[in-house]
Amino acid sequence: MAIRKSNKLAQAALLKQILKRCSSLGKKGGYVDDDVNTLPLDVPKGHFVVYVGENRSRYIVSISLLTQPEFQCLLRRAEEEFGFAHEMGLTIPCEEVAFRSLTSMLMMR
């Protein structure tokens, strides 16, 4: 039992470290999406699309992440920096490497 508890504490510390590395990248313009109300065909049920990093790379993530406090923190940062009413879609202010690390760790829980 003690080993499990220490693993969870270590994982929590690592998640906090990753969240600190998620830096504010600043909004870049020039994106236009004519089909804002159309769901992309490549997004499976129970998932949604986010854009991450300086290049706004597209990621498809599970809605199960929405219940994770660490992911909710990223959503609050996204709201503060970009708002939720823009044409590009949900943009997460985080470096891609940190985002991939965070989401993979959260999916293992």
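Position 1 is the first residue of the sequence, and the numbers go up from there.
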- prompt: So, Arg100 and Glu96, do they make that salt bridge, N to O below 4.0 Å?
  reply: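 Yes, Arg100 and Glu96 are salt-bridged.
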If you round to the nearest 0.5 Å, how far is [atom2] of [Y] from [atom1] of [X]?
{"X": "Gln68", "Y": "Leu75", "atom1": "CD", "atom2": "CG", "result": "11.5 Å"}
{"X": "Leu102", "Y": "Glu70", "atom1": "CG", "atom2": "CD", "result": "6.5 Å"}
{"X": "Leu106", "Y": "Ser62", "atom1": "CG", "atom2": "OG", "result": "10.5 Å"}

- prompt: What's the shortest heavy-atom distance between Pro69 and Arg76, and which atoms?
  reply: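 Shortest heavy-atom contact: O-NH2, 4.4 Å.
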Heavy-atom pair of closest approach, residues Phe82 and Ile92: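 Distance-wise, the nearest heavy atoms are CE1-C, 4.4 Å.
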message: Test side-chain contact (heavy atoms from CB on, under 4.5 Å) on Arg58 and Val43; report intermediate values, then the result.
response: CA-CA 11 Å; Arg58 184 175 184 259; Val43 180; 3.7 Å; yes
Is the closest side-chain heavy-atom distance between [X] and [Y] below 4.5 Å?
{"X": "Glu80", "Y": "Pro93", "value": "no"}
{"X": "Val97", "Y": "Phe99", "value": "no"}
{"X": "Thr103", "Y": "Met105", "value": "no"}

- request: Please identify each residue that fulfils side-chain hydrogen bond (donor to acceptor under 3.5 Å, both in side chains) with Glu79, with sequence neighbours left out.
  value: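 Glu79: no side-chain hydrogen bond (donor to acceptor under 3.5 Å, both in side chains) contacts found.
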Main-chain N/O of Leu66 paired with Gln72 side-chain donor or acceptor, under 3.5 Å: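 Yes, Gln72 side chain to Leu66 backbone: donor-acceptor pair under 3.5 Å.
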message: Apply side-chain contact (heavy atoms from CB on, under 4.5 Å) to residues Cys94 and Arg77 and explain how you reach the verdict.
response: CA-CA 9 Å; Cys94 185; Arg77 288 183 184 183; over 6 Å; no
query: Out of Leu90, Ile60, Thr91, Leu65, which residue meets the side chain to side chain contact (heavy atoms under 4.5 Å, CB included) rule with Val50?
result: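 Exactly one pass, corresponding to Leu90.
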message: Once ring pair (Phe, Tyr, Trp, His ring centres under 6.0 Å) is applied, do any residues pair with Phe48, and if so which ones, sequence neighbours excluded?
response: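 Partners of Phe48 by the ring pair (Phe, Tyr, Trp, His ring centres under 6.0 Å) criterion come out as none, since no residue qualifies.
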